[in-house]
Amino acid sequence: MADDSANKKQPLLSGLTDQNIGTVKKRRFRRCKTTPASDSDFFGPYKGRELFPSSNFILRNFRPSFRQASLLLIIYLIIGCTCFYLVRDQIVGKKTNGILDALYFCIVTMTTVGYGDLVPESVPAKLLACAFVFSGMAFVALFLGKAADYLVEKQEVLLVKAVHLRRKVGTRQMMKEIEAKKAEYKFLTITVALLVLVILGTVILVKVEKLNIIDALYCVCATITTLGYGDKSFSTTFGRVFAVFWILTSTICLAQFFLYLAEIQMEHRQQTLVKWVLTRRMTVVDLEAADLDDDGVVGAAEFVIYKLKEMGKINQEDVALVMEEFENLDVDQSGTISNSDLLLAQSVE
């Protein structure tokens, strides 16, 4: 145990605010790593034990890859197509081919477009449509959004190459730029993809469904926003084959478009806040608020914590929880954590 002088109240993380720290130590502090390397030696004492508490969420262990999400989509469409094909006589409207109509109706139901060109008439068909519209919405939200995000990230490199076509940009520099402007490049990529899909859908509706350019664009907008008024839709065999792929892709792209737009706005807002926090003058009120241990001075650690709180990176509850953990590990109440403290803390567990 430490002596009485060590038990006196110390400034928050006093080891980082010691005025007698040398220049070399200060440099090391500024370059310190956030976490140790995650090799086998570091986790040796915890082998066989759960390092992180598990979530109670029912899908906590289910994180499908793009390939798994694609497989799940195929299974979903096969089941849906089979079910709606079996009740095809109980679905009324503009029909082309039994299997194609069943698949088309499944996609229209899944994406909540609901043109109304095919409508369930009997009670079993209506109940089946209710089941598939909810399961389809959940599938789109949980899996297909992630798959679209994965594909967009794969296209970011191509976009950066196109932007710097006349410049020689190395792989490292390219990856650095993608990481720095990730949200912007994702937004640009999905915008280009969405524009291509809108143009493609309009052309197909004009050429195949024989709509004029205004009605075709109107149908495209009603489809990708899932309004699905129903006065204009895909009624030919080729049109519905195209619609099976186009409706699913375009509706998800539009959802990702607004998601990335919101992400960009949040990032810009955060950057503006950070810039304001770092450039504004510190007042006496700020000094009092930053003085966490009420000793009349603000050390480096206290200043960093206060600025992070102003930026919205952390809040008071986060600081309280971290300090509680610090106090639990500081078994000898010396104001610092040593190897002996860790050994004592582990022996108490």
Side-chain angles (χ1 to χ4, degrees), residues 66 69-70 73-74 76-77 80-81 93-97 99-118 136-137 139-141 143-163 165 184-261 264:
F66 174 70
S70 302
L73 174 62
I74 292 172
Y76 173 88
L77 292 178
C81 184
K94 302 175 183 178
K95 296 185 178 180
T96 56
N97 174 275
I99 297 178
L100 176 59
D101 289 343
L103 181 59
Y104 170 76
F105 183 75
C106 185
I107 292 291
V108 169
T109 302
M110 175 186 187
T111 56
T112 70
V113 170
Y115 286 123
D117 51 353
L118 292 175
M137 290 174 66
F139 187 80
V140 170
F143 310 126
L144 295 188
K146 180 179 178 181
D149 195 50
Y150 171 83
L151 288 177
V152 169
E153 289 181 355
K154 288 295 183 181
Q155 301 305 314
E156 287 179 31
V157 176
L158 296 179
L159 180 61
V160 175
K161 286 183 178 179
V163 172
L165 188 60
E184 286 85 351
Y185 282 129
K186 286 167 68 175
F187 178 74
L188 287 175
T189 304
I190 205 68
T191 300
V192 172
L194 188 60
L195 287 174
V196 170
L197 288 168
V198 168
I199 294 171
L200 184 60
T202 303
V203 170
I204 293 296
L205 285 167
V206 170
K207 297 294 184 181
V208 178
E209 300 295 335
K210 305 304 179 182
L211 300 180
N212 61 58
I213 187 69
I214 300 301
D215 286 342
L217 182 61
Y218 161 77
C219 182
V220 165
C221 293
T223 300
I224 64 177
T225 57
T226 70
L227 279 173
Y229 287 122
D231 52 340
K232 306 295 179 183
S233 62
F234 297 88
S235 56
T236 64
T237 301
F238 180 81
R240 288 190 174 175
V241 171
F242 169 78
V244 165
F245 301 97
W246 180 81
I247 291 175
L248 185 62
T249 307
S250 59
T251 51
I252 292 176
C253 277
L254 184 65
Q256 294 299 111
F257 173 85
F258 287 113
L259 178 66
Y260 296 149
L261 179 61
I264 287 177

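Since the structure is predicted, the reported quantities are computational estimates derived from the model, not experimental observations.
- Here the CG atom belonging to L211 is positioned 11.0 Å from the CG atom belonging to L217, to the nearest 0.5 angstrom.
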Donor-acceptor pairs under 3.5 Å, side chain of residues 191-205 to any protein atom, not counting sequence neighbours: which ones?
{"unit_1": "T191", "atom_1": "OG1", "unit_2": "F187", "atom_2": "O", "d": "2.6"}
{"unit_1": "T202", "atom_1": "OG1", "unit_2": "V198", "atom_2": "O", "d": "2.7"}

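- Annotation: the span from F234 atom CZ to C219 atom SG amounts to 5.5 Å, rounded to 0.5 Å.
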Between side-chain atoms of residues 106-118 and protein atoms elsewhere (two or more places apart, or another chain), which donor-acceptor pairs fall under 3.5 Å?
{"unit_1": "T109", "atom_1": "OG1", "unit_2": "F105", "atom_2": "O", "d": "2.7"}
{"unit_1": "T111", "atom_1": "OG1", "unit_2": "I107", "atom_2": "O", "d": "2.8"}
{"unit_1": "Y115", "atom_1": "OH", "unit_2": "T223", "atom_2": "OG1", "d": "2.4"}
{"unit_1": "D117", "atom_1": "OD2", "unit_2": "Y104", "atom_2": "OH", "d": "2.7"}
{"unit_1": "D117", "atom_1": "OD2", "unit_2": "S233", "atom_2": "OG", "d": "3.2"}
{"unit_1": "D117", "atom_1": "OD2", "unit_2": "R240", "atom_2": "NH2", "d": "3.4"}

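- Applying the side-chain hydrogen bond (donor to acceptor under 3.5 Å, both in side chains) test to D231 and every residue at least two apart in sequence or in another chain returns Y218.
- No side-chain donor-acceptor contact under 3.5 Å links T249 to the backbone of W246.
- With values rounded to the nearest 0.5 angstrom, F258 atom CZ is found 12.5 Å from C253 atom SG.
- In terms of modelled atom types and a separation under 3.5 Å, the side chain of E209 and the main chain of T236 share a donor-acceptor contact.
- The minimum heavy-atom distance linking A216 with V206 is given by the pair CB-CG2, 3.6 Å.
- Interatomic distance, D215 CG to K210 NZ, rounded to the nearest 0.5 Å: 14.5 Å.
- Atoms OG1 and CD1, on T251 and I224 in that order, are 9.0 Å from each other to the nearest 0.5 Å.
- With a 4.5 Å cut-off on side-chain heavy atoms, V241 and L103 do not count as touching.
- Atom CG in L248 sits 6.0 Å away from atom CG in L73 (nearest 0.5 Å).
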